[in-house]
Amino acid sequence: MNRKLLKAENPFSLRPCGHNNEQNHVKNLRPNSFLDLDIVPTAIVYCEANFTKSDGKTANGLIRHSSNFRILSIIDSEMAGLDSGYALDNKRNGIPIYSSLNEAFEMANESPNFFIYGLAHANGLLSHLDRQVMLEAMSLGMNIVNGLHQYLNDDPEFIAASKKYGVSLYDIRRPINKGDLQVFRDIIKEVPCPRVAVMGTDCAIGKRTTAVTLSNALASYGLKVVFIATGQTGVIQGAPYGLVMDSIPAQFCPGELEAVIHRAYQIEKPDIVIIEGQGALSHPAFSTSAMILRGSAPNAVILQHAPHRKERVDFADMPMPKLSSEIDLIERFSQTKVIGICINHEAMNDADIEEYTYRYSKDFSIPVTDALSRSSMFLVHMILVKFPHLRIKTPTLQ
């Protein structure tokens with residue numbers, strides 16, 4: 001990835017949010033800040049008791065993909081001793097899981113530049129233990145990346161520690177100034193290339209993973225692709241274009257999203273834009289799906305679904321919607337078509353994946369695949385069936 005472009009567009013790579021103004025802060029930066037490094041900085045990711053689980057989705061995502069950081073290790077005492085890639089996807093990646101910050105720090109072959117909070121709790125708040133671990137990381141010279149709604153730059157204890165140890169605090173979800181927010185202007189119609197949104201039937205169901213996998217697959221095929229991140233994990237991973245939808249007042253969400261897509265198109269002139277979905281359109285607790293569909297006005301949707309998931313994440317008494325009802329709702333609401341289904345294979349074996357792939361293909365007459373366990377060619381096929389003008393005579397897909 002072009003590091004200069006990343007610094008120009010990634011919302012939190014320009015400067016840390018918070019109490020220091022940029023001029024004064026830059027003078028006091030330690031060499032471990034990635035603001036002034038030409039190399040990708042190192043990071044330890046904290047995901048105590050939640051790695052591979054839905055609340056650990058930020059850590060899960062960083063293990064699968066990160067251009068902003070080189071991940072040294074994961075902290076999760078319940079999985080200590082395992083290879084993180086094997087624990088997550090049965091594919092070893094050489095990134096170990098340790099039981100504590102002290103162990104992760106001592107076992108690192110090089111100084112970690114960053115401590116990333118890899119949990120995404122429903123309440124968005126830090127526990128007492130989490131606070132203590134973060135403060136300890138700061139004492140070891142690590143900058144902090146925080147994706148919660150609780151802002152460290154508003155916390156006197158963290159502000160004091162930041163000054164004491166000369167490290168930076170990055171609150172990824174901190175809203176931008178209200179005076180800079182944009183309402184919807186219908187400039188999305190000035191983006192002529194296909195726009196495909198990856199939506200889902202629940203939160204933490206794999207929308208971002210599928211969107212990133214699809215983007216990479218299309219790029220390997222030979223197309224110029226822009227991926228639009230809409231959540232804190234995608235931004236932390238290093239998506240050059242994106243925003244954190246649930247940190248923006250609802251009135252401005254569609255306008256801010258269309259502005260990001262419009263800017264990305266003007267700069268990159270891509271063949272296709274892939275937009276990460278959030279939540280689920282049918283979910284009563286979230287509104288971001290509606291904002292994404294309005295702001296991106298997608299030409300097509302790929303729907304992520306977990307066949308064996310019975311209840312919504314964090315809502316034990318709320319059953320999962322039927323796939324058919326979610327498809328109907330999306331198509332009626334956005335006046336577009338669901339062109340493919342992607343399976344989240346949690347609690348499923350290979351035979352289950354094959355069964356549901358066949359069943360859904362037959363029931364809905366659209367392509368079906370699993371982004372993690374099947375070839376990415378199937379994802380590319382979904383796009384080419386809908387947008388045949390994107391076909392390349394001599395594809396380079398591997």
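Residues take their numbers from the sequence shown, with the count starting at 1.
Taking the side chain as every heavy atom from C-beta outward, Glu256 and Gln182 approach each other to under 4.5 Å. Side chains of Arg64 and Val212 form no contact here, defined as non-hydrogen atoms less than 4.5 Å apart. A heavy-atom distance below 4.5 Å is not found between the side chains of Asp271 and Phe387. Put simply, the side chain of Glu354 does not reach to within 4.5 Å of the side chain of Met348, judged on heavy atoms. Phe115 has its side chain out of reach of Val145: every pair of non-hydrogen atoms, C-beta onward, lies at least 4.5 Å apart. Two residues are said to be in side-chain contact when any heavy atoms from C-beta on lie closer than 4.5 Å; Phe51 and Leu82 fail this criterion. Using a 4.5 Å heavy-atom cutoff, the side chains of Met142 and Leu101 are in contact. Within the 4.5 Å cutoff, the side chain of Tyr358 has heavy atoms near those of the Lys362 side chain.
Remark: His128 NE2 is loosely packed, at most 12 non-hydrogen atoms of other residues, nucleotides or ligands lying under 6.0 Å away. More than 12 heavy-atom neighbours from other residues, nucleotides or ligands sit within 6.0 angstrom of CZ on Phe333.
One hydrophobic cluster, built from ILVMFWY side chains closer than 4.5 Å, holds both Ile327 and Val368.
A salt bridge between Arg359 and Asp363 is absent, with no side-chain N of the basic residue lying under 4.0 Å from a carboxylate O of the acidic one.
Across Val385, Ile302, Ile366, a single residue satisfies side-chain contact (heavy atoms from CB on, under 4.5 Å) together with Ile339, and that is Ile302. Screening Thr52, Asn50, Ile74 against Met79 for a side-chain contact (heavy atoms from CB on, under 4.5 Å) leaves a single residue, Thr52.
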task: Begin with the C-alpha distance, continue with both residues' side-chain angles, and end with the deciding distance and a verdict on salt bridge (Lys or Arg N to Asp or Glu O under 4.0 Å) for Asp350 and Arg374.
output: CA-CA 10 Å; Asp350 200 64; Arg374 299 297 184 262; 3.0 Å; yes
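Taking the six-membered ring wherever Trp is involved, the centroid distance between the rings of His308 and Tyr356 falls below 6.0 Å.
Cation-pi geometry between Arg131 and Phe158 is not met at under 6.0 angstrom from the ring centre and within 45 degrees of the axis.
For the residue pair Thr201 and Glu326, no side-chain donor N or O sits within less than 3.5 Å of a side-chain acceptor on the partner. Side-chain polar atoms of Tyr170 and Asn143 form no donor-acceptor pair below 3.5 angstrom.
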